[in-house]
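Here the structure comes first, spelled out in C-alpha cells, and everything after it is commentary.
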Amino acid sequence: MKLRCRIPLANFELDIDASFDSRITAIFGPSGSGNTTLHDAVGGLGRIVDGEITIDGRTLFSSARRINLPPQQRGVGYVPQEGALFPHLSVRKNILFGAERGYANNSIKTNHVLNVLEIGHLLDRPVTNVSGGEAQRVALARAILSQPELLLLDEPLAALDIGLKEKILPYLGRVRDEFQIPMIYVTHNLTEVLTLADWVLMIKQGKLIAQGIPKQVLRSSHAILQIPEEQFENVFTVAFVESDEKAGRTRVRLSNGEELFIPYFQQASDRPFQIRISADDIIVATQNPQGISAGNVVPGTIRTIDLLEGQAMLTVFAGEEFYVRLTAAAVSKLALREDSRVFLIMKTRSFHLL
C-alpha cells in the first residue's frame, strides 16, 4: 500500500509518506498526533490537500490525477471505536447489512466468520442486549462480510476495560490469520501493536518519526520517551506444557525451547497463545542468583543498550529477544555493556495471559 498525504490541521500539518505491504499495519503515537485523521483519509472521510493513496495498484486518491473515490467505492471496511451498530436491528440484520453491501465476490462465507468470532449464538438478540466485547465482534463481522480489500480499525478496544480487551485481542488475531484482508489499526496501546501488527507507523505531531517491524521500532529512542512505563511490554507466543494447580503455576515453552512459569490457568486447547510481561518487571543480574523466590531465571546476552534522558532500554537475547527498561544509573552500577552475559529474573506473577 502507498500512503502519502498532506492535511492541514489546527495546530500542525499532517504530512505522511509511507509504503508498506503487511497484514496488519498499526498507526501508533500520542493522542492528538493525527492518527485518526490519517486513518480517516484512507477511508475517504477527510479532505487531503495533496497526496496519493493506492491499494494493490488501485488508486483511491490522487491529487495529481484528480482521483478521489467516495467511501462507498473504496472497498474499505470500517470498525470504529464504539462499534456503531444499528440499534433498531438484531445482531443478524446488522451482520447481513455488511454482506449485502459486499465490495467483491462473496469469497468470505458468513458461517466461517460467525465461527471465527464465536457469535453464532447472538444472532437473534437485539444489539442493545449484547456486551461491549460482543458488540465489537459483531461490528467486526459486519465489516468482514462486506468483502473489503482493506479493514480500517480505529481504536476498536479503547472503550473496553482491561479484562474485555484481553478477551477480544485473540479474536483480532484470528481474523488476521483466517482472512486475507490487510488492516490498518489505530491504537495508543503498545500491547495491541506488539500482539497484532507486523508493521508500525509511529507518528508524532503529524510527522512519521519511525516505521518498521514493531519490536524494532518500539525500542528506539523515539519510543522510549513517548510510551508510558506501564505500557512497554514484551509479548511472546508460547506453547502449553503443563499446569500445576497446587503450585499455582503453568509451564509454557517459547519457540526456541526455553520454558517459563506463568500464573496457573487451565488450558482449553493445544493452540499456541500469547503472554506478556512489562519491560519494567524484569530484573537484570550479572551473576546467577541463588535463593530467590522468582520463578524464572533466564541467561542471556545484551545486544543493545539505548540511553536517553536517564533511562536505558536493553535488548537481551535469551533465545527470544527480551526488552528490559532500567535507569541509566543501574546500567552504570552493573557496568553493563553490549555483549555482556546477564541473567533475567522474572516473577511468575509478572506474566499475564493474552
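With sequence neighbours excluded, the residues satisfying side-chain contact (heavy atoms from CB on, under 4.5 Å) with E258 are L254, N256, V298. Judged as a side-chain contact (heavy atoms from CB on, under 4.5 Å), and not counting sequence neighbours, the contacts of T54 are K2, E52, T59.
Just one residue in the list F236, F343, F317 forms a ring-ring contact (aromatic ring centres under 6.0 Å, His included) with F322, and that residue is F236. Of the options L314, I283, V316, a side-chain contact (heavy atoms from CB on, under 4.5 Å) to V342 is made by V316 and by none of the others.
When atom types are taken as modelled, the side chain of D198 and the backbone of I24 share a donor-acceptor pair closer than 3.5 angstrom. Checking side-chain atoms of R74 against main-chain N and O of V42 turns up a donor-acceptor pair under 3.5 Å. Using modelled atom types, one side-chain atom of N296 and one backbone atom of M346 make a donor-acceptor pair closer than 3.5 Å. With hydrogens and angles ignored, the 3.5 Å screen pairs a side-chain donor or acceptor of H188 with a backbone N or O of G29. Without hydrogens or angle criteria, T187 side chain to N189 main chain gives a donor-acceptor distance under 3.5 Å.
Sorted by first and then second residue, the pairs that involve residues 327-345 and meet side chain to side chain donor-acceptor pair (under 3.5 Å), not counting sequence neighbours, are T301-R341.
Separation of atoms CD (E134) and NE2 (H121) is listed at 5.5 Å; rounding is to 0.5 Å. H352 contributes atom NE2, which lies 8.0 Å from atom OG of S278 (distance to the nearest 0.5 angstrom). Rounded to the nearest 0.5 angstrom, N68 CG and Q73 CD are separated by 10.0 Å.
A perpendicular orientation is assigned to the rings of F240 and F265, their planes being inclined by more than 60° (bins at 30° and 60°).
A cation-pi arrangement is absent between R176 and Y185, since the terminal nitrogen or guanidinium carbon is not both under 6.0 Å from the aromatic centre and inside a 45° cone about the axis.
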